[in-house]
Amino acid sequence: MNMKLDPWGSVNIDDYSKLFDEFGILPFEDICSELPDPHRYMRRKIIFGHRSYDLITDAMKNKDPFSVMSGFMPTGGGHLGHKMVMEEIIWHQKMGADAFVGIADREAYSVRGISWEKCRQIGIEDYIVSLIALGFEPNGHIYFQSESDNVKELTFELGSKTNFSELSAIYGFSGETSVSHMTSTLSQSADILQPQLSEYGGPKPTVIPVGADQDPHMRLTRGIAHKMNMFRIEGREDKNKDKYFSVRSKAAPEGALADVAERLPWDTKLFEGHVDVFGADDYSKLLNTVREVEIEYGGYAFVPPASTYHRFMSGLQGGKMSSSVPESIISLKDDPKAAAKKVKRAKTGGRMTLEEQKKLGGDPNNCSAYELLMFHLVEDDKELEEIYDECVCGKRMCGTCKALAAELMTEFLTEHQEKRELAKDRLDDYGL
Ligand code: SF4
């Protein structure tokens, strides 16, 4: 049966490997070794997949500009799942990315019916304040979709390249779906492409860290980015099997293709609607020259966005984390003592009796307490490995893990909430 990913539904993706086969997402572990100091989510395969992340590792290596962008729908209650995205954005910002965070209030308004006022309040209180407390630097950009002229204008432009059938095929929209809901998908595409507008330095690789359920947005946006570009570059082969490139455009303004041909340092041949390029030994130069001309002639030029995909944490009681079941999640605003109690009641992979646990070992792969340690609370890989090994060989009892997780969670939340108070006084630095 085909998998369907639904960013607004409740999906439980239990076999991530299917995503590689069905949607063409690539395994992150193949590219992780190219990063000098990967984030713990990367080292621990919590980030399991990517699209085009090689563009980002290349940009990091060559010290070329690149961006990171992600967003939050202000529906209430920033929790540990949101913290994952925040950390991924902040990590890329530290690695040199120009960082963008959008509060998807247009989506919350159109899909969930949340008022604009409430969207703003939740956006700041539950997401932005925690983002700043976790280390987001003021040289990044935080904005509300409804207040960004860039996003609104780009949404309209992107709409001219998209139709109902495409949106339906990706999201399963029906005749009952409101036009605002449909438009909100394009607002998200505009969010994703915004870092490449000329006022932010023009086209550049951009990575979007998301949970796997958000892949439909990535597929839509990557398709639109291709369609928005004035030129298409194709690798071609003649009958003698000699390879060359062809820069093609059906609708480029007069003179634009001739300009491309003139500026390239290789042999070129100009035809109606395309220019062929022979002997090009520097693809980046070819790409950049073509983009330069695109922009000069008033067109858009977007690098199709890259993405990373992380696994979801399970709920503290097993099953799915859900904001409507407070016992299943740790909110970033939870009272630290109450949170510690939740941790102590978490479902573990322990056996029925201590004797059995000693004899058979526990199952850390099905254990919410271990997940908390792995995702959030233990930074040292060796220490985590020891906990794992001790568990599976029956040397470790669940009470020890829960006590450790509860103590570390209390420390984290106490410190985070102190930093949140400081962040509230720094909103001005972020233009809010
Ligand atoms: Fe989980 Fe620790 Fe129990 Fe193992 S010993 S199942 S890691 S709580």
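We count ligands from 1, going down the list as the structure has it; atoms in each ligand are counted the same way.
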Can E166 and K227 be counted as an ion pair, charged N to O under 4.0 angstrom? yes
Taking the six-membered ring for Trp, are F28 and H310 ring centroids under 6.0 Å apart? no
Please write down residue, atom name and distance for the protein heavy atom closest to atom 3 (Fe) of ligand 1. C398 SG, 2.4 Å
Suppose we only count N/O/S atoms under 2.8 Å; would C367 qualify as near atom 2 (Fe) of ligand 1? no
Tested for ring pair (Phe, Tyr, Trp, His ring centres under 6.0 Å) against F100, the lone hit among F66, Y143, Y200 is Y200
Just to be sure I read this right, does ligand 1 sit under 4.0 Å from the backbone of Q357, its side chain, both, or neither, counting only heavy atoms? side chain
The one among G350, G349, C401 that brings a heavy atom closest to atom 8 (S) of ligand 1: C401
Which of the atoms of ligand 1 are close to R396, meaning less than 4.0 Å from one of its heavy atoms? 5 (S)
Pair K382 + E386, salt bridge at N-O below 4.0 Å: no
Taking the ring centre of each residue, are H376 and F412 less than 6.0 Å apart? no
Ligand-side contact atoms (ligand 1) for residue partner C391, heavy atom cut-off under 4.0 Å: 4 (Fe), 5 (S), 6 (S), 7 (S)
